*Asks:* 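Quick one: the structure is below, questions incoming.
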Amino acid sequence: VTHRTHYAGEVGESTAGSRVRVAGWVHRRRDHGNLIFIDLRDRSGLLQIVFRPEIDAAALAEARSLRSEFVIEVEGEVALRAPENVNPSLPSGRVEVLAASLKVHNRSEPLPFSLDDEGAGEETRLRYRYLDLRRAARQRVFQLRHRVVLEVRRHFDALGFVEVETPMLTRSTPEGARDYLVPSRLQPGKFYALPQSPQLFKQILMVAGFDRYMQVTRCFRDEDLRADRQPEFTQIDLEASFVAPEEIYEWVEGMLRKVFALAGRPFPGRVPRLSYEEAMARYGTDAPDLRFGAEIEDLSDLAAGSGARLLESAVQQGGVVRGLRAASCAGYARSQLDRLSDEARALGAGGLIWLRRGERAEVLSSLARHLDPGAAARMAERLGLERNDLGLVVAGGSAAASKALGGLRLLLARREGWIPAEAVGAAWIERFPLFQRNPDSGALESCHHPFTSPLLEDLDRLESDPLGVRACAYDIVINGWEVGGGSIRNHRPEVQERVFRLLGMSPEEAQARFGFFLQALRFGAPPHGGIALGVDRLVGILAGASSLRDVIAFPKTTNASCPMTEAPAPVDPRQLADLHIQVRQRR
Ligand code: AMO
């Protein structure tokens with residue numbers, strides 16, 4: 001045999017007696033003097049190789065020089081192991097290969113960390129990412145990622161979507177982040193932007209009559225990084241003409257059902273829909289984690305006549321009283337309650353009030369005698385407090401109260417283990433506001449992006465009440481992660497121009513930035529809409545990863561650098577000169 005015949009993991013009982021040639025890395029070596037055992041590893045798993053003097057003395061001698069991660073190729077006969085040597089935890093655990101020849105392809109320096117040890121710091125693991133990626137658990141993630149993307153392409157192909165590639169060197173597409181810029185050599189002082197998304201191109205493909213477009217594509221956003229954000233990430237990007245949100249939901253839910261099945265996880269039969277307003281009120285966030293209850297309840301109507309001035313005055317001043325049930329937490333000690341109060345304040349609440357139902361179902365509260373017992377009982381009732389439950393209550397402005405309670409809800413869920421391990425909680429969030437005010441400048445800005453259409457019923461109020469206008473936009477949220485977002489677009493140029501004006505763009509400025517796009521809309525743009533889903537976030541959820549870095553082969557760290565290549569890096573001054581760029585060092 002002259003070439004590899006099997007992957008290590010394929011050599012099992014059925015190959016016993018045959019001759020195989022396998023190749024891979026020395027995972028472990030055990031030297032028993034006149035007997036050497038090697039665990040050979042390739043991407044499929046491990047296989048035990050035995051070097052015996054009576055089979056090939058030369059190979060045995062050479063095997064003595066092998067060390068971890070040397071690259072070898074071995075030929076030999078597959079033999080059944082003696083019963084006492086069977087390893088039931090390996091697919092190849094009943095057999096071993098009696099080495100008749102050994103070829104050492106390469107040596108390896110001692111590794112900076114052991115492949116068996118998860119303990120090495122992340123910076124080190126990313127610097128030597130190729131070693132980190134040799135681990136079976138890591139390889140499984142990328143196998144899964146591959147199969148997910150394949151399934152997604154099949155799904156949309158079957159629905160008549162056509163994959164079209166859009167440029168990477170382009171103009172700025174506003175998605176709310178800073179652009180990565182690429183200087184032009186041929187046109188001094190001009191820059192391309194890397195796409196924050198293919199948004200404008202996919203809309204233009206609808207004008208071009210493609211009808212159903214999809215692309216699995218890289219997007220670039222220069223924004224502050226978190227566990228769920230990378231500066232470059234991959235989207236499953238879709239757009240379709242003559243389409244309603246309902247149809248897009250169906251396509252996406254169908255896709256999700258298939259990829260969850262791939263990962264062996266059940267996906268809910270029907271994904272519930274929540275308005276943005278409901279999500280904010282009940283969960284304090286537009287990306288609620290629906291794997292557990294503890295929803296926020298409004299208690300404002302119970303404040304009047306409750307005897308507690310704190311609650312009454314909050315409501316009189318236009319605020320709210322809201323709370324949630326922390327099941328079985330009535331036994332919290334003073335210190336635990338103090339910690340929760342501090343956490344509530346850090347989340348923006350003025351303070352935290354608690355109620356609890358004791359052993360005999362009596363209701364106690366931190367407001368003690370300031371709170372009328374009848375009102376306390378009604379609040380406990382509304383929150384659904386049973387024996388030994390704790391109720392957490394916040395009074396104040398509506399947004400702040402819900403946000404703080406939403407934050408506590410997540411903290412407690414993690415702390416108290418309310419999230420069942422295999423659970424999947426998904427929802428569509430709809431009817432977002434079209435605009436929000438920039439907290440610094442006070443100017444209107446798009447909540448999603450400027451190409452999103454207002455709800456038809458709100459179109460008349462675009463200029464008179466822009467903040468009250470809702471968008472025909474939707475997000476899909478899974479396990480508290482925003483996995484996708486999209487909208488129906490402004491296909492009529494007049495509406496698009498009105499939106500640009502409200503965003504503070506003069507017609508000249510709109511023309512300068514988006515003239516090509518407005519022009520396209522004027523040549524018979526069909527009504528259209530779409531969505532983009534984050535592949536990294538989706539695979540992250542399927543793989544149970546806590547950070548996107550675990551599902552991206554070569555990710556960036558939080559300061560947007562790559563420890564392996566050490567990008568970003570200085571460049572040769574001549575390169576800069578070609579680009580007409582001079583770097584000014586900040587003093
Ligand atoms: P949006 O900006 O909501 O919409 O992005 C869509 C999805 O892309 C993923 N995502 C990210 N993933 C990792 N790191 C990031 N920095 C990051 N930013 C976004 C998320 C998100 O839900 N053009 C529109 C789509 C449309 O309207 O059709 C867009 O890009 O999963």
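Whatever order the structure lists ligands and atoms in, that order sets their numbers, starting from 1. Keep in mind it's a predicted model, so treat the numbers as computed, not measured.
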*Asks:* Measuring from the heavy atoms of Leu538, does anything fall under 4.0 Å of ligand 1?
*Replies:*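 Under 4.0 Å: no for Leu538.
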*Asks:* Quick one: which of Tyr213, Phe210, Phe156 gives a ring pair (Phe, Tyr, Trp, His ring centres under 6.0 Å) with Phe161?
*Replies:*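 With Phe161 as partner, Tyr213, Phe210, Phe156 yield a single ring pair (Phe, Tyr, Trp, His ring centres under 6.0 Å), made by Phe156.
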*Asks:* Please determine whether a side-chain nitrogen of the Lys or Arg among Arg127 and Glu566 lies less than 4.0 Å from a carboxylate oxygen of the Asp or Glu.
*Replies:*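 Answer for the salt bridge query: yes.
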*Asks:* Of all the atoms in ligand 1, which lie at a distance below 4.0 Å from a heavy atom belonging to Gly486?
*Replies:*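 It comes down to these atoms of ligand 1: 26 (C), 27 (O), 28 (O).
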*Asks:* Considering only non-hydrogen protein atoms, determine which one is nearest to atom 2 (O) of ligand 1 and report residue, atom name and distance to 0.1 Å.
*Replies:*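 Answer for atom 2 (O) of ligand 1: Arg221 NH1, 2.9 Å.
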*Asks:* Identify, for atom 10 (N) of ligand 1, the protein heavy atom at the shortest distance, and state residue, atom and that distance.
*Replies:*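 Protein heavy atom at minimum distance: Phe233 CE1, 3.3 Å.
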*Asks:* Check each of Leu405, Leu408, Val320 against Ile296 using the side chain to side chain contact (heavy atoms under 4.5 Å, CB included) test, and report the only one that passes.
*Replies:*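 Going through the options one by one, the only one that passes is Leu405.
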*Asks:* Classify the ring geometry between Tyr130 and Tyr128 as parallel (under 30°), tilted (30 to 60°) or perpendicular (over 60°).
*Replies:*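 Ring orientation, 0 to 90° scale: perpendicular.
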*Asks:* How far is atom 14 (N) of ligand 1 from the closest protein heavy atom, and which atom is that?
*Replies:*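 For atom 14 (N) of ligand 1, the nearest protein heavy atom comes out as Gln230 N, 3.1 Å.
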*Asks:* Which atoms from ligand 1 have a heavy atom of Asp228 less than 4.0 Å away?
*Replies:*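 Heavy-atom distances to Asp228 below 4.0 Å select 13 (C), 14 (N).
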*Asks:* Considering only the protein, which heavy-atom contact is closest to atom 25 (C) of ligand 1, and what is its distance?
*Replies:*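 Answer, as residue, atom name and distance: Gly485 O, 3.3 Å.
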*Asks:* For Leu392 and Leu412, run side chain to side chain contact (heavy atoms under 4.5 Å, CB included): C-alpha distance rounded to whole Å, both residues' side-chain angles, the deciding distance at 0.1 Å, then the answer.
*Replies:* CA-CA 11 Å; Leu392 300 175; Leu412 281 167; 3.5 Å; yes
*Asks:* Note the single closest protein heavy atom to atom 4 (O) of ligand 1, along with its residue, its atom name and the distance in Å.
*Replies:*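 Among all protein heavy atoms, the one nearest atom 4 (O) of ligand 1 is His448 NE2, 3.4 Å.
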*Asks:* Just to confirm my output: which protein heavy-atom neighbour is closest to atom 20 (C) of ligand 1, and how far is it?
*Replies:*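 Going by distance alone, atom 20 (C) of ligand 1 is nearest to Arg537 NH1, 3.4 Å.
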*Asks:* Leu548 heavy atoms, cut-off 4.0 Å: which ligand 1 atoms fall inside?
*Replies:*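 With Leu548 as reference, the close atoms of ligand 1 come out as 13 (C).
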*Asks:* Considering non-hydrogen atoms of the protein only, which is the closest contact for atom 7 (C) of ligand 1, and what is the distance?
*Replies:*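 In this structure, atom 7 (C) of ligand 1 has Ala532 O, 3.7 Å as its nearest protein heavy atom.
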*Asks:* What class does the angle between the rings of Phe220 and Tyr180 fall in, given that below 30° is parallel, 30 to 60° is tilted and above 60° is perpendicular?
*Replies:*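 Rings of Phe220 and Tyr180: perpendicular, over 60°.
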*Asks:* Which residue pairs pass the ring-ring contact (aromatic ring centres under 6.0 Å, His included) test with at least one member in residues 263-282, sequence neighbours excluded?
*Replies:*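 Listed once each, the pairs are Phe260-Phe267, Tyr276-Phe432.
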*Asks:* Go through ligand 1 atom by atom and flag the ones less than 4.0 Å from a non-hydrogen atom of Arg489.
*Replies:*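 In order of numbering, the contacting atoms are 26 (C), 27 (O), 28 (O).
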*Asks:* Do Glu175 and Ser197 pair up side chain to side chain, a donor and an acceptor below 3.5 Å, judged on atom types alone?
*Replies:*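 The criterion, which ignores hydrogens and geometry beyond distance, is satisfied for Ser197 and Glu175.
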*Asks:* Find all atoms of ligand 1 within a distance of less than 4.0 Å from any non-hydrogen atom belonging to Ile531, and give their numbers and elements.
*Replies:*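 It comes down to these atoms of ligand 1: 28 (O).
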*Asks:* For residues 537-551, run the donor-acceptor check on the side chains, cut-off 3.5 Å, and write out each pair with its distance to 0.1 Å, sequence neighbours left out.
*Replies:*
unit_1 : atom_1 : unit_2 : atom_2 : d
Arg537 : NE     : Asp228 : O      : 3.0
Arg537 : NH1    : Glu482 : O      : 2.7
Arg537 : NH2    : Asp228 : O      : 3.0
Ser547 : OG     : Arg549 : N      : 3.0
Arg549 : NE     : Glu122 : OE1    : 3.0
Arg549 : NE     : Glu122 : OE2    : 2.9
Arg549 : NH2    : Glu122 : OE1    : 3.1

*Asks:* Side chain or backbone, does Asp237 bring an N or O within less than 3.5 Å of an N or O on ligand 1?
*Replies:*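 Not met; the criterion fails.
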*Asks:* Considering the heavy atoms of Gln199, write down every atom of ligand 1 situated less than 4.0 Å from one of them.
*Replies:*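 What qualifies from ligand 1 is 23 (N), 24 (C), 25 (C), 26 (C), 27 (O), 28 (O).
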*Asks:* What part of Gln196, side chain from CB on, backbone N/CA/C/O, both or neither, has a heavy atom under 4.0 Å from ligand 1?
*Replies:*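 No part of Gln196 comes within reach of ligand 1.
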*Asks:* If you count the atoms of ligand 1 from 1 in the order shown, which ones are under 4.0 Å from a heavy atom of Glu223?
*Replies:*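 Counting atoms of ligand 1 from 1, those under 4.0 Å from Glu223 are 16 (N).
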*Asks:* Using a strict cut-off of less than 4.0 Å between a Lys/Arg side-chain nitrogen and an Asp/Glu carboxylate oxygen, indicate whether Arg154 and Asp157 qualify as a salt bridge.
*Replies:*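 No salt bridge links Arg154 with Asp157.
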*Asks:* Going by heavy-atom distance to atom 21 (C) of ligand 1, choose the closest among Gln235, Glu482, Gln203, Glu175.
*Replies:*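 Selected option, by shortest heavy-atom distance: Glu482.
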*Asks:* Quick one: does NZ or CZ of Arg409 land under 6.0 Å from the six-membered ring centre of Phe292, within 45 degrees of the ring axis?
*Replies:*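 Yes, cation above the ring, under 6.0 Å and within 45°.
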*Asks:* Against heavy atoms of Lys202, which atoms of ligand 1 measure under 4.0 Å?
*Replies:*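 Within the 4.0 Å cut-off of Lys202, ligand 1 contributes 26 (C), 28 (O).
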*Asks:* Under 4.0 Å between a side-chain nitrogen and a carboxylate oxygen: does that hold for Glu295 and Arg325?
*Replies:*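 Looking at Glu295 and Arg325, the cut-off is not met.
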*Asks:* Specify the protein heavy atom at minimum distance from atom 31 (O) of ligand 1: its residue, its atom name, and the distance to 0.1 Å.
*Replies:*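 The closest heavy atom on the protein side is Val483 O, 2.8 Å.
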